[in-house]
Number of protein chains: 2
Amino acid sequence: MKKIAVDAMGGDYAPQAIVEGVNQALADFSDIEVQLYGDESKIKQYLTATERVSIIHTDEKINSDDEPTKAIRKKKNASMVLAAKAVKDGEADAVLSAGNTGALLAAGFFIVGRIKNIDRPGLMSTLPTTDGKGFDMLDLGANAENTAHHLHQYAILGSFYARNVRGIEKPRVGLLNNGTESSKGDPLRKEAYDLLVADESLNFVGNVEARDLMDGVADVVVTDGFTGNAVLKAIEGTAMGIMGLLKNAIVGGGLRAKLGAFLLKDNLRGLKKQLNYSDVGGAVLFGVKAPVVKTHGSSDAKAVYSTIRQIRTMLETDVVAQTAREFSEE
Amino acid sequence: MKKIAVDAMGGDYAPQAIVEGVNQALADFSDIEVQLYGDESKIKQYLTATERVSIIHTDEKINSDDEPTKAIRKKKNASMVLAAKAVKDGEADAVLSAGNTGALLAAGFFIVGRIKNIDRPGLMSTLPTTDGKGFDMLDLGANAENTAHHLHQYAILGSFYARNVRGIEKPRVGLLNNGTESSKGDPLRKEAYDLLVADESLNFVGNVEARDLMDGVADVVVTDGFTGNAVLKAIEGTAMGIMGLLKNAIVGGGLRAKLGAFLLKDNLRGLKKQLNYSDVGGAVLFGVKAPVVKTHGSSDAKAVYSTIRQIRTMLETDVVAQTAREFSEE
């Protein structure tokens, strides 16, 4: 039985979206057990599942504007903190939250704990490509600074994930850079390039540019946390901006445009689905001793469900434990 | 008379697109004179303008895959090099090319020359926002590394441009960062934040995130060249990817979808126009002694025309000379 500790109080639509996602996941996956941390009476309003689920009541929770490290230290009974502690104490195998990202990273670092020999755990997500296959990028902002050695570790971590969880036999690893030539970039990129090209266990395909990410130029893309965060947000912002413009063009476009949009409805919905991150699960803090997974603050029940499915696959393939063994042997 | 030196041989559709853009600009603007550098017989095939235009013939040109600095040094008679030299020698006031970006940057640095006290010229573009106003971002990749002092200079340069060329009285300056709180970022960002907040001549609005750029969160956004390059390319790649998906959804969507798309045609064209960089001109290498402007390699005649219009405004408002005076007094 895979035990998943869920912070029921994090995110814009908590606890409803969280609990509804859990209901669905418990119905579909008979090999998981969910522990819901949070306000019992509120959780009960939405909880329809009756088996393999428990509620651990707490009044305390971390808010989206709390200072992360301080919140983790001071709010010892916050739902997120208790969920992370359950993993640390061996009562759960993984933790899921839609709450304050910084606090969840801090809970991952300080409560769940780093894997031996992994210096800087990185935040990783599977982002959409036009062919629907997606790519994994890390670090998306767990760190503000990284060394070339960290980037090398991210390549190994990302490859592990792509192979085990996404079933890609030889994941193509790309180094995000300001040009594709091997000589490109700042000293960090040049040093990382040398480390990646020398590691024969990786399928390193060289430097990749942000322009080509959505075309699926690599299965795993490594970068420092500052750049990764900026690129992720640029992708999100542009996608949201264009979809908004498209909507305005239709809404403000008169009867003819509205009829056109009606006829195109299914196709536009398909497009939105292709761009929707909620289908592929949440962002994984990779490099800590158990799956610590952040789903978007605006996650609906479906996104929560997808993230539980992702966590289940991570536990089934034992990707974190394998990673830990690999790095401990170094 | 404003004299513009144009590299007629750079870009994917040279010389046709370049010369046709020049024809149109000469017809619309009676106060400009254009010098076309390149293959005379090829240029003549497309040149319809007869006044205020001259051809300076050369057989040599820089290719898109030439190593920039080496190309500038060795190909002394390349069309781009001759255009830059014309500016240096006072025969022209500005240079325009759609060719090899790195080579044009090198020509700007080494031939046109830096403004006194500006350490690292930065590449700046006006990028689209959903409200149609746009924002200026720099450095977009003239440098692989920058200091906080450079970022401060970019804020001054960008504000100058936004005020003089775009007519924004008090341009809002944002520092691209991994969060909006003042304490965010790596040491570079923290140091830059302190410099920006202390400079009372700037309308500094604090840290901005890449997610909010398209919403017009600032008029001028400053960042280091590595991050700026990655964010620019992420925006371009996402916009192209989504427009491609939209097209596929329609083309692959059967009769109903095609009819819908037909009815929405004008609206979709409007959307494309809003996202089109070619309307706002090219990327300016800011911090050198004259306007050195790069228009996209895939520029059509219209993009070339818009870039000439932009250069004309830059010359009319004397923004570069003003910048030079400002910095020389430091």
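So that the names make sense, note that chain A is the first sequence line, chain B the second, and so on, each numbered from 1. Keep in mind it's a predicted model, so treat the numbers as computed, not measured. Every heavy atom of this structure was used, including side-chain atoms; hydrogens, water molecules and symmetry mates were not.
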Which distance, rounded to the nearest 0.5 Å, do you find between the [atom1] of [X] and the [atom2] of [Y]?
X        : Y        : atom1 : atom2 : answer
A:Glu145 : B:Arg189 : CD    : CZ    : 9.0 Å
A:Thr227 : B:Asp224 : OG1   : CG    : 7.0 Å
A:Leu245 : B:Thr130 : CG    : OG1   : 5.5 Å
B:Asn178 : A:Lys233 : CG    : NZ    : 6.0 Å

Item to complete: Against chain A, label B:Asn229 side chain, backbone, both or neither, depending on which of its atoms sit under 4.5 Å from a heavy atom there.
Response: side chain
Practice prompt. Show the numbers, then the answer: is there a side chain to side chain contact (heavy atoms under 4.5 Å, CB included) between A:Ile242 and B:Leu246?
Written response: CA-CA 11 Å; A:Ile242 294 181; B:Leu246 184 61; over 6 Å; no
Can you name the closest pair of heavy atoms from [X] and [Y] and give their distance?
X        : Y        : result
A:Phe226 : B:Asn177 : CE1-OD1, 3.4 Å
B:Ala210 : A:Ala230 : CB-O, 3.2 Å
B:Val231 : A:Ala234 : CG1-CB, 4.0 Å

Fill in: Heavy-atom proximity to chain B below 4.5 Å, by part of A:Leu213
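Neither part.
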Discussion item. Please classify the contact of A:Asp215 with chain B as side chain, backbone, both or neither, using a heavy-atom distance under 4.5 Å.
Written reply: neither
Practice prompt. Quick one: which of B:Gly244, B:Gly141, B:Pro187 has the most heavy-atom pairs under 4.5 Å with chain A, could you say?
Written response: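 Option with the greatest count: B:Pro187.
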Item to complete: Before giving the answer on side chain to side chain contact (heavy atoms under 4.5 Å, CB included), spell out for B:Met240 and A:Arg211 the whole-Å C-alpha distance, their side-chain angles and the decisive distance to 0.1 Å.
Response: CA-CA 9 Å; B:Met240 284 192 298; A:Arg211 187 187 283 134; 3.9 Å; yes
Worksheet item: Taking only residues two or more places apart in sequence, or in another chain, which ones meet B:Thr295 in a side chain to side chain contact (heavy atoms under 4.5 Å, CB included)?
Response: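 Partners of B:Thr295 by the side chain to side chain contact (heavy atoms under 4.5 Å, CB included) criterion, ordered by chain and then number, come out as B:Leu96, B:Ala98, B:Ser299, B:Ala303, B:Thr307.
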Pair up each side-chain donor or acceptor in residues 62-70 of chain A with any protein partner under 3.5 Å, not counting sequence neighbours, and list the distances.
unit_1	atom_1	unit_2	atom_2	d
A:Asp66	OD2	A:Asn63	N	2.9
A:Asp66	OD2	A:Lys75	NZ	2.6
A:Glu67	OE1	A:Lys70	N	3.2

